[in-house]
Colleague: 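Quick one: structure below, then a few questions.
Each ligand, and each atom within it, is numbered from 1 in the order the structure gives.
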Amino acid sequence: MAVVLVGNDPGSEIYVRNKVKACADLGILSEKLTPPSTISTGELLGVIEALNRRSDIDGILVQMPLPPQVDSRRVLEAVSAEKDADGFHPTNVGHLVANRPAPRACTPAGIMEMLRRYEIPIAGRHAVIVGRSDIVGKPMALLLLHANATVTICHSKTADLPGECRRADILVAAMGRAAFVTRDFIAPGAVVIDVGMNRVTGRDEVEQIWRGDPGKLATLEKKGSVLVGDVNPLDMVELAFAYTPVPGGVGPLTIAMLMTNTVALAERRMAVAAA
Ligand code: NAP
């Protein structure tokens with residue numbers, strides 16, 4: 001696995017550290033490449049091309065976001081579809097649409113794995129996804145559709161968002177809005193998957209979200225921010241049949257599925273080489 005981390009974004013550094021650690025825990029060789037933030041699109045394409053040619057590398061991951069001068073789309077498309085550990089390459093997105101084997105976007109794939117392991121029924125259920133990004137919302141909708149859910153995709157132009165969400169047996173919130181989804185959005189007994197990762201820094205907001213919980217206010221004092229998902233955590237606990245907490249819910253599974261994708265890519269390349 002090669003991980004390309006451009007520049008020094010602190011959030012990206014933490015994500016990459018966790019991915020490199022997961023590789024080490026599993027005995028997967030990983031190599032971290034750290035080009036400077038001044039790199040041009042052409043230079044970065046050269047880095048990717050060199051990794052595409054290396055026979056000891058099965059998976060390539062380019063940590064997003066890239067600096068503004070770099071054409072992110074060109075870089076992501078330059079990663080060979082056969083080494084696309086993130087499942088973002090258009091060829092692999094096409095395989096997802098056609099429900100054929102290929103690396104899947106890691107966060108939605110992790111959510112499917114979680115639903116499967118907790119034996120949450122999907123077929124015939126109504127799944128509502130809030131968010132239509134290429135990395136979460138759209139692939140999530142396709143995976144749930146392939147598992148025979150009836151799927152509704154909501155976004156910022158959806159009329160009556162709370163009403164749409166209340167119809168969900170399975171509600172997936174992936175919008176990037178702190179604790180936006182409150183009790184008005186959640187049907188009692190729904191399964192609620194909270195993908196959001198937001199940092200709240202205002203004391204009033206922390207007080208309001210956690211109803212004055214002194215522990216959360218102490219965290220704010222100590223760290224300067226408190227992590228919260230897209231769903232109000234207390235409303236979710238009170239109303240949902242099952243839910244994913246933030247942190248500790250969806251996040252760790254994203255890395256686990258990245259490892260799964262990498263192993264599958266390695267096995268596929270070995271099978272092709274042996275054929
Ligand atoms: P994104 O690309 O910013 O997309 C956000 C989506 O939410 C868009 O489709 C947007 O609608 C929709 N949206 C935003 N505000 C809305 C509103 N008020 N009402 C209805 N829809 C609204 O975000 P993303 O990359 O999908 O990420 C979403 C969240 O998940 C973020 O908090 C991110 O940090 C988190 N995340 C977590 C993991 C993990 O491993 N746990 C992985 C990936 C992402 P439009 O399309 O109409 O603009």
Colleague: Looking only at N/O atoms, are K157 and ligand 1 under 3.5 Å apart anywhere?
Modeller: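 In this structure, K157 places no N or O atom under 3.5 Å from an N or O of ligand 1.
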Colleague: What residue and atom, counting heavy atoms only, is the protein's closest point to atom 44 (C) of ligand 1, and at what distance?
Modeller: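 Residue, atom and distance for the closest contact: V136 CG2, 3.9 Å.
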Colleague: Any idea which protein heavy atom is nearest atom 29 (C) of ligand 1, and the distance to it?
Modeller: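 Atom 29 (C) of ligand 1 sits closest to the protein heavy atom G176 N, 3.6 Å.
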Colleague: Below a 4.0 angstrom heavy-atom separation, can you tell me which part of L161, side chain or backbone, both or neither, approaches ligand 1?
Modeller: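 For L161, the contact with ligand 1 is made by the side chain alone.
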Colleague: Among all protein heavy atoms in this structure, tell me which lies nearest to atom 33 (C) of ligand 1, with the distance rounded to 0.1 Å.
Modeller: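 Heavy-atom neighbour on the protein nearest atom 33 (C) of ligand 1: M197 N, 4.3 Å.
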Colleague: Counting only heavy atoms, which portion of T158 has something under 4.0 Å from ligand 1: side chain, backbone, both, or neither?
Modeller: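 Looking at T158 and ligand 1, no heavy atom falls under 4.0 Å.
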Colleague: To check your reading of the model: name the closest protein heavy atom to atom 24 (P) of ligand 1, its residue, and the distance in Å.
Modeller: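 Checking every protein heavy atom, the shortest distance to atom 24 (P) of ligand 1 gives S133 OG, 3.7 Å.
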Colleague: Go through the side-chain N and O atoms of T254 and T107 and say whether any donor and acceptor fall under 3.5 Å apart.
Modeller: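 T254 vs T107: donor-acceptor pair found between side chains.
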Colleague: For the side chain of T201 and the backbone of S225, is there at least one donor-acceptor N/O pair under 3.5 Å apart?
Modeller: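 Answer holds: no.
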Colleague: Any protein heavy atom under 4.0 Å from atom 26 (O) of ligand 1?
Modeller: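 Protein heavy atoms within 4.0 Å of atom 26 (O) of ligand 1 - there is at least one.
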Colleague: Side chains of D86 and N261: do they bring a donor and an acceptor to under 3.5 Å?
Modeller: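 The criterion, which ignores hydrogens and geometry beyond distance, is not satisfied for N261 and D86.
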Colleague: Answer yes or no: does atom CG of N8 have more than 12 heavy-atom neighbours from other residues, nucleotides or ligands under 6.0 Å?
Modeller: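 No.
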Colleague: Below a 4.0 angstrom heavy-atom separation, can you tell me which part of T254, side chain or backbone, both or neither, approaches ligand 1?
Modeller: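 The part of T254 near ligand 1 is the side chain, not the backbone.
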Colleague: May I ask which of H155, M175, K138 has a heavy atom nearer to atom 16 (C) of ligand 1 than the others do?
Modeller: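 Heavy atom nearest to atom 16 (C) of ligand 1 belongs to M175.
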Colleague: Backbone N or O of L161 within a donor-acceptor pair of the T158 side chain at under 3.5 Å?
Modeller: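 Checked: no pair found.
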Colleague: Look at ligand 1 and say whether A174 reaches it with a heavy atom at a distance under 4.0 Å.
Modeller: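 Right, A174 reaches ligand 1.
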Colleague: Hey, is the main chain of S37 close enough, under 3.5 Å, to the side chain of Q69 for a donor-acceptor pair?
Modeller: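 Checking the backbone N and O of S37 against the side chain of Q69, a donor-acceptor pair under 3.5 Å is found.
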Colleague: Scan D84, L33, V79 and name whichever one has a side chain to side chain contact (heavy atoms under 4.5 Å, CB included) with I60.
Modeller: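 In the set D84, L33, V79, the residue that makes a side chain to side chain contact (heavy atoms under 4.5 Å, CB included) with I60 is V79.
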Colleague: Please determine if I135 has a nitrogen or oxygen closer than 3.5 Å to a nitrogen or oxygen of ligand 1.
Modeller: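 No - when backbone and side-chain N and O of I135 are compared with those of ligand 1, no distance drops under 3.5 Å.
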Colleague: Considering heavy atoms of the protein only, find what lies nearest to atom 10 (C) of ligand 1 and give residue, atom and distance to 0.1 Å.
Modeller: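 Residue, atom and distance for the closest contact: S156 N, 4.4 Å.
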Colleague: Can you tell me if CZ on R117 sees more than 12 non-hydrogen neighbours from other groups inside 6.0 Å?
Modeller: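 No, the 6.0 Å shell around CZ holds no more than 12 heavy atoms from other groups.
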Colleague: Students should be able to answer this: which protein heavy-atom is nearest to atom 9 (O) of ligand 1, and at what distance?
Modeller: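 Looking at atom 9 (O) of ligand 1, the protein heavy atom closest to it is R132 N, 2.8 Å.
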Colleague: If we ignore hydrogens and angles and just use 3.5 Å, is the side chain of D235 paired with the main-chain N or O of T182 as donor and acceptor?
Modeller: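 No, because the side chain of D235 does not come within donor-acceptor range (under 3.5 Å) of the backbone of T182.
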